[in-house]
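Comments concern the structure below.
As a basis for the values below, the full set of heavy atoms in this structure was taken, side chains included, without hydrogen atoms, waters or symmetry mates.
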Amino acid sequence: MASSWLTSALSGASRHPKRPEHSYSYGTAGFRTKADILEPVLYRVGLLAVLRSKAVKGSTIGVMITASHNPVADNGVKVVEPMGDMLLAQWESYATSLANAREEDVESVLQDIISKENIDMEQSANVFVARDTRPSSVSLAEVLIEGIQSLSGQYVNYGLLSTPQLHYMVRCHNTQGSYGKSTETGYYEKLTNAFTKLRQKNGGNGKGSYSNQILLDGANGVGALKVEQLKEHLKGQLDIIVNNDGSKGKLNEECGADYVKIQQRPPPEMDVKPETKCVSFDGDADRIVYFYMGKGGKFKLLDGDKIATLIAGYIQELLTEAGIQLSLGLIQTAYANGSSTHYATKMLNVPIACTRTGVKHLHHKAQEFEVGVYFEANGHGTVLFSPSVIPKLDEVCQDKSLSAGKKEAATKLRLLVDLINETVGDAISDLLVVETILYQKQWSIEEWNSSYTDLPNRQLKVKVKDRALIQTTDAERKTTSPAGLQSAIDELVAQYNKARSFVRPSGTEDVVRVYAEADTQIAADELAAKVGVKVHELAQGVGDPPSLPS
């Protein structure tokens, strides 16, 4: 006779059947596809979240309903680990198996997970749930909760949150409040308290070019709503005007961080005056980029690379001033602009570590340092601090034998830890960190941008018969297959100044992504096209090869 929990779970699965023509895959972004085919997935994710909570002895698990920067017709769901991290790789596999199981196979998949993870089904389970502003998120949340309840899981429905806010809530709850209060008010209070104290200590004299005025593109998403709440706690310290606030226009349509970075222009709904400091969030507020219109109306983007070097340099300065020895690393992927790498290593003296593309790879690499700074070029990133950092900072702050300057620097670092959301990239937290640093330096956005100049670059895609033919090594910067491709790339790169190029297979489609940079845009365009032609030639390209610039 089936256990009552199993009967309940299977009954729910039959109410939300998976259609055989649909298949799903859990990746770095969780499940993400058209919203109208996600209902069976959300029910099964509810089951999975309860099993995950039971597997970690009742610790709270998070489930976020969002499709981030995707169009409003899409949606998605991802599971958050007890410390606010992304779901473990083994459980990603479980999620994919459960989501794709035929109705008659759901029981065996559940039993397989329970057996492999040695789960006690009598163990209590707790799940935090939140969603973004997509219309489809409301009904999908109801189905998710149905799945949680079918396995007798307890849940808290936070309603509308940014993705990083949910990650934060989960960590706060599982650390019994030592990381902060697991409420929205607690989130705003922790960040703004640290921001205010740092602003007081940094004591901008008003003689520089810094401006507290910010024109913010909220992507017509949840981030716009949350910034309005943040402003109440900032009490006028930042003058933020929110555009694309969701009152009109569609989520992520001609707005948002992805649009700004790819199109290299402001959203049409924003009236951007020359040299005005602008910020763009993505749909669920885990990405941020800065931009402005320079002289002659030229668009200037300050992406994740610029944010990462600003933060890493600031931390390096404070460590030096405080006389504290900590291993500091800046984590990049092959897509990081060569100028940012040179600036970090030669000008800031910050070590660089390169890893594979994907935020989970960056996050894991950052954990190898006592202070690990990571940002993708798209603006998703944060700073991780090892458990040893806070005691070291506290020791310096309290050491009466040290100079006031050293203690002051350590105090600023300690406040910076509180200002940063370590769990995941957080546009709101990152905004406050950047503004803290710019305020201390009294820099305008133009002065920040002048720290280094990006090398011109070009990206393109080449369709191939089978992307698996492309194999890479050295954090995706070199190819090992097909034979002869890497040597051909090396020969082409040698023909240009300050040049670099790499290719890597897409994770989702049969295309190969080509990146090239050089000292001029013409050279970068030529190099990318020529490398693309070689990929087409040696990796079984489909259709016409890339055309060379005329």
With sequence neighbours excluded, what pairs up with Phe281 under the ring-ring contact (aromatic ring centres under 6.0 Å, His included) test? none

Under-4.0 Å salt bridge between Glu395 and Lys392: no

Do Asn100 and Tyr26 get their side chains close enough for a donor-acceptor pair, meaning under 3.5 Å? no

Six-ring centre of Tyr179, Arg171 cation under 6.0 angstrom, axis tolerance 45°: yes

Is the shortest distance from a Lys or Arg side-chain nitrogen in Glu184 or Lys226 to a carboxylate oxygen in the other one below 4.0 Å? yes

What pairs of residues pass the ring pair (Phe, Tyr, Trp, His ring centres under 6.0 Å) test when at least one of them lies in residues 139-163, not counting sequence neighbours? Phe128-Tyr158

Under-4.0 Å salt bridge between Arg19 and Glu39: no

Quick one about Ser429 and Asn421 (side-chain donor to acceptor, distance below 3.5 Å, no hydrogens or angles considered), yes or no? no

Hey, are Ser340 and Gln332 close enough side-chain-wise for a donor-acceptor pair under 3.5 Å? yes

Among residues at least two apart in sequence or on other chains, which ones pass ring-ring contact (aromatic ring centres under 6.0 Å, His included) with His233? Tyr188

Does this structure show an ion pair linking Asp510 with Lys465, if we count only N-O contacts that are shorter than 4.0 Å? no

Residues at least two apart in sequence or cross-chain that pass side-chain hydrogen bond (donor to acceptor under 3.5 Å, both in side chains) with Ser68, listed by chain then number, are Asp282, Asp284

Between Glu117 and Lys54, does any side-chain N to carboxylate O distance fall below 4.0 Å? no

Salt bridge (charged side-chain N to carboxylate O under 4.0 Å, His left out) involving Arg131 - partner list, sequence neighbours excluded: none

Are Lys34 and Asp36 close enough for a salt bridge, meaning some N to O gap below 4.0 Å? no

Below 6.0 angstrom between ring centroids: does that apply to His363 and Tyr374? yes

Going by ring pair (Phe, Tyr, Trp, His ring centres under 6.0 Å), name the pairs with one or both residues in residues 92-126, residues two or more places apart or in two chains. Trp91-Tyr94

Distance only, no hydrogens: is a donor on one side chain within 3.5 Å (strictly under) of an acceptor on the other, for Glu476 and Thr357? yes

